[in-house]
Amino acid sequence: MLPPRARNPFPVICGTSAGAINAAVVATHTAHFRAGIRGLEIIWSNFHAHHIYVTRFSRLTLNAVRWLIALFFAGIGARRPVSLLDNEPLRALLARRLRFERINRAIEVGGLRALAITASSYGSGESVSFFQGSPELHGWRRARRVGRPAQIRLEHLLASAGIPAIFPAVAINREYFGDGSIRHLAPISPALHLGANRILVIGVGEDSRQSPKYKEALLRPPSLAQIAGHLLDSAFLDTLEGDLERVERINRTVSLIPEEIRRRENVGLHPVEVLTISPSDSLTAIAARHAYELPLSMRFFLRGSGATKSSGSTVMSYLLFERGYCRELINLGYADALRQKNKILPFLGYAPVAVYGAVDSPQQDFR
């Protein structure tokens, strides 16, 4: 939607879980925004599961055996496992693709105010937002929420995207961290602390409408995959919806207080403009359509839990990194954003009636 040579329109960028990786890519391409986004699109649209975690049958079997030994024999005869899957391929991919030194360069030239990556501390139970930004920015502490200055590096991204038990915990300064969505009670808060007063939220919450078939499945005893999917969605999706409602309530409250009174009484509240893009289709349903793309070894291990069935495909949506699935998600997000074009352009400071070149389907770029 933006002009071909447009610079990064987001001075503050915050990412959590898989969004941490996308945030870092955008932050390292502030001077060449379009090139960075195209590169990000190409990588996601050509993903396979083995780019994220080891899918060899032998390795999956070994991890499963270690888990069983640890659970029933207190780890006797085997090293206590830390995760079901080995995400070393993701580490290698990010190490090759990302140039973290560009973040500091972008801050120095004014192309970026701050990048924040949120992870959950297994020790303190706090949600820690590691941020790299302008010198005038300072850390913060709220209930179960901490903002901590840091030089963003590979470990922060792996920690933020480390789904508990699925991927290994990551040590940062002798403290272990996991997925940032866990206990992240106020996902919008880091952006506000870093000076944002307008926030574009990219959500992954599914449409609340469900098909009759799926509703009927919920009337039967849930499978292990359904229970796990319910827990994952509770941890990853519900907090964002609650935080958005909180911002709306605060905005309504602030609107009732005249601006001169807010200044005179030093009321520390101000309106925050929020624009949200959420999927118009169910990610669980999309994952069910692409379940066959998952490597045979993963399908074998997931079949018993019910994850390969449509009723349990929520778990599949967290582990399915095959390109067919990713491409459908890209196209969905592309279409959902275009539907809000007349809101997005003014939000970014551009006239909504302007047309900046041809807008092609993203599939045409990576076929």
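Model, not experiment: these values are computed from the prediction.
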Quick one: are Leu332 and Leu283 in side-chain contact, heavy atoms under 4.5 Å?
yes
State which residue, out of Arg144, Arg145, Arg141, fulfils the salt bridge (Lys or Arg N to Asp or Glu O under 4.0 Å) condition with Glu126.
Arg141
Is a donor on one side and an acceptor on the other found under 3.5 Å between the side chain of Ser134 and the backbone of Leu137?
no
Ring-plane angle category for His51 and His48, please: parallel below 30°, perpendicular beyond 60°, tilted otherwise.
tilted
Any non-hydrogen side-chain atom of Cys14 less than 4.5 Å from a side-chain atom of Thr118?
no
Does Met1 offer a backbone N or O that forms a donor-acceptor pair with the side chain of Tyr350 under 3.5 Å?
no
Answer yes or no: is there a donor N or O on one side and an acceptor on the other, between the side chain of His156 and the main chain of Arg153, under 3.5 Å?
yes
Check: Gly19 main-chain N/O paired with Ser17 side-chain donor or acceptor under 3.5 Å:
no
Strictly below 4.0 Å, N to O, side chains only: are Arg105 and Glu108 in salt-bridge contact?
no
Measure centre to centre between the rings of Phe130 and Phe177, then say whether the value is under 6.0 Å.
yes
Does one side chain, of Gln340 or Asp336, offer a donor that lies under 3.5 Å from an acceptor on the other?
no
With hydrophobic residues grouped by side-chain heavy-atom distances under 4.5 Å, do Leu275 and Val12 end up in a single group?
no
Mark yes or no: Arg198 above the aromatic ring of Phe347, with NZ or CZ under 6.0 Å from the six-membered ring centre and no more than 45 degrees from the axis.
yes
Take the angle between the ring planes of Phe131 and Trp140 and call it parallel below 30°, perpendicular above 60°, tilted in between.
parallel
Return the CG to CD1 distance between Leu158 and Ile117, rounded to the nearest 0.5 Å.
11.0 Å
SB check Arg148 Glu175 (cutoff 4.0 Å):
yes
With side-chain hydrogen bond (donor to acceptor under 3.5 Å, both in side chains) as the criterion, how do Glu322 and His290 come out once you've worked through the C-alpha distance, each side chain's angles and the decisive distance to 0.1 Å?
CA-CA 8 Å; Glu322 296 303 315; His290 292 272; over 6 Å; no
Give a yes or no answer on whether the side chain of His29 reaches the backbone of Val26 with a donor-acceptor pair at less than 3.5 Å.
no
Rounded to the nearest 0.5 Å, what's the gap from CD1 on Ile21 to OG1 on Thr16? Could you check?
12.0 Å
Got a donor-acceptor contact below 3.5 angstrom from the Ser124 side chain to the Ser121 backbone?
no
If only atom types and distance count, is the side chain of Arg97 paired as donor or acceptor with the main-chain N or O of Ala92 below 3.5 Å?
no
4.5 Å side-chain heavy-atom contact, Leu115 and Ile152:
yes
When rounded to the nearest 0.5 Å, the distance separating NZ of Lys341 from CD1 of Ile344 is 10.0 Å
Just do the side-chain hydrogen bond (donor to acceptor under 3.5 Å, both in side chains) check on Ser120 and Ser127 with the steps written out, would you?
CA-CA 5 Å; Ser120 179; Ser127 178; over 6 Å; no
State plainly whether the residues Arg91 and Asp86 are in salt-bridge range, i.e. N to O under 4.0 Å.
no
Roughly how far, to the nearest 0.5 Å, is CD1 of Ile13 from CG of Leu200?
11.0 Å
Output yes when a side-chain donor or acceptor of Arg323 lies under 3.5 Å from a complementary backbone atom of Phe47, and no otherwise.
no
Could you tell me the separation between the CD1 atom of Ile107 and the OG1 atom of Thr30, rounded to the nearest 0.5 Å?
9.0 Å
Within the side chain of Thr28, is there an N or O that forms a donor-acceptor pair under 3.5 Å with the backbone of Leu98?
no
Hey, could you give me the OG1/CZ distance between Thr55 and Phe321, rounded to the nearest 0.5 Å?
12.5 Å
Using atom types as modelled and distance alone, determine if a side-chain donor or acceptor of His138 lies under 3.5 Å from a backbone N or O of Glu136.
yes
